[in-house]
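All residue numbers refer to positions in the sequence shown, counting from 1. Remember, it's 1-based here, ligands and their atoms both numbered in the order they're listed.
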Amino acid sequence: MSPYRNLEEYNMEITDEIKEKFSSVIDEIGEDKNREGLLKTPERAAKAMLFLTQGYKQSAEEILQGAMFRENYDDMVIIKDIELYSLCEHHMLPFFGKAHVAYIPDGHIVGLSKIPRIVDVFARRLQVQERLTHDILECINNTLKPKGVAVVIEASHMCMMMRGVQKQNSVTTTSGFRGQFEKIETRNEFLKLISSDLS
Ligand SMILES: Nc1nc2c(ncn2[C@@H]2O[C@H](COP(=O)(O)OP(=O)(O)OP(=O)(O)O)[C@@H](O)[C@H]2O)c(=O)[nH]1
Ligand SMILES: [Zn+2]
């Protein structure tokens, strides 16, 4: 049995532990952790870190399963320009951009808002862009079981911008295709629609 009485107590315990560690980091970089402006910073940073990694406590499959509806629509459904913010697992710095997701139903459609919700579930973890792309793809493929699914992510990585190689304008594109999107015509139709303003 969990040593914690309830979830709130557990969250407070975790926040306190991370807060202590952020406090040490502030100390180690040569700052005065008792300076007025920094007094609440370890707690704020701990809460921010828990917010940005809340995806570990969420189930994308359950989110999709909660809003699947029987429907005989078997054309492409595209949700494009879904903004995302994630943390790269190498430096724990943000990467951010847009996800474009499409599927071709096979008897079931899904509530539209659930697609951005599952993008957030997987983005709010320590990630590489490639795995994030496949996590979204496989989750939709295995849960909704559509005739096809496609995911494209375009993102900028702060670890390549504000440090390291220091390239401000490079954008990384990753993609994954399953089922009918493996056919070149279907894939091209999707790629054309996400790059047009009319879709
Ligand atoms: N493939 C992939 N690489 C990533 C992602 N986010 C960050 N990286 C890269 O992870 C790599 C880590 O390489 P290392 O050489 O171990 O780390 P580093 O010395 O900090 O590398 P530099 O960033 O080149 O200074 C870097 O090339 C980053 O650009 C991602 O989402 N996907
Ligand atoms: Zn990085």
Engineer: Which heavy atom of the protein is the closest neighbour of atom 29 (O) of ligand 1, given with residue, atom name and distance?
Structural biologist: Met160 CG, 3.8 Å

Engineer: Quick test: of every protein heavy atom, which one is nearest to atom 18 (P) of ligand 1, and how far off is it to 0.1 Å?
Structural biologist: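 Looking at atom 18 (P) of ligand 1, the protein heavy atom closest to it is His91 NE2, 3.8 Å.
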
Engineer: Any idea which atoms of ligand 1 are less than 4.0 Å away from a heavy-atom of Cys159?
Structural biologist: 7 (C)

Engineer: Heavy-atom distance from atom 27 (O) of ligand 1 to the protein below 4.0 Å?
Structural biologist: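 Not a single protein heavy atom is under 4.0 Å away.
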
Engineer: Check His91 and report its N/O/S atom nearest to the Zn ion (ligand 2), by atom name.
Structural biologist: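 Nearest N/O/S atom of His91: ND1.
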
Engineer: Looking at CD1 of Ile78 and CG of Leu193, how far apart are the two atoms once the value is rounded to the nearest 0.5 Å?
Structural biologist: 4.0 Å

Engineer: Can you tell me the protein heavy atom closest to atom 6 (N) of ligand 1 and the distance?
Structural biologist: His157 ND1, 3.4 Å

Engineer: Is the Zn ion (ligand 2) less than 2.8 Å from an N/O/S atom of His90, whether that atom is in the backbone or a side chain?
Structural biologist: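 No, His90 does not qualify, because none of its backbone or side-chain N, O or S atoms lies under 2.8 Å.
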
Engineer: Is Gln127 reaching over with its side chain to a backbone N or O of Phe122, donor-acceptor style, under 3.5 angstrom?
Structural biologist: yes

Engineer: What's the shortest distance from atom 8 (N) of ligand 1 to any protein heavy atom, and which residue and atom give it?
Structural biologist: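 Result for atom 8 (N) of ligand 1: His90 ND1, 3.3 Å.
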
Engineer: Can you check whether a protein heavy atom sits less than 4.0 angstrom from atom 15 (O) of ligand 1?
Structural biologist: no

Engineer: Would the distance check show the side chain of Gln129 and the main-chain N or O of Thr172 forming a donor-acceptor pair, the cut-off being under 3.5 Å?
Structural biologist: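 Yes, the answer is positive, given that a donor and an acceptor are paired below the 3.5 Å cut-off.
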
Engineer: Which of parallel (below 30°), tilted (30 to 60°) and perpendicular (above 60°) describes Phe190 and Phe177?
Structural biologist: perpendicular

Engineer: Checking contacts here: is it the side chain or the backbone of Gln127 that comes within 4.0 Å of ligand 1, counting heavy atoms only? Could be both or neither.
Structural biologist: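 Neither part.
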
Engineer: May I ask you to identify the nearest protein heavy atom to atom 31 (O) of ligand 1, giving residue, atom name and distance to one decimal place in Å?
Structural biologist: Gln129 N, 2.6 Å

Engineer: Got a sec: is Cys88 within less than 2.8 Å of the Zn ion (ligand 2) via an N/O/S atom?
Structural biologist: yes

Engineer: Should you measure from each heavy atom of Cys88, which atoms of ligand 1 turn up under 4.0 Å away?
Structural biologist: 6 (N)

Engineer: Numbering the atoms of ligand 1 from 1, which are under 4.0 Å from a heavy atom of Gly164?
Structural biologist: 25 (O)

Engineer: Looking at Met49 and Thr53, what are the two nearest heavy atoms and their distance?
Structural biologist: O-OG1, 2.8 Å

Engineer: Among all the protein's non-hydrogen atoms, which is closest to atom 25 (O) of ligand 1, and how far away is it?
Structural biologist: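 It is Arg163 NH2, 2.9 Å.
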
Engineer: Write out the residue and atom name of the closest protein heavy atom to atom 32 (N) of ligand 1, then the distance separating them to 0.1 Å.
Structural biologist: Glu130 OE1, 2.8 Å

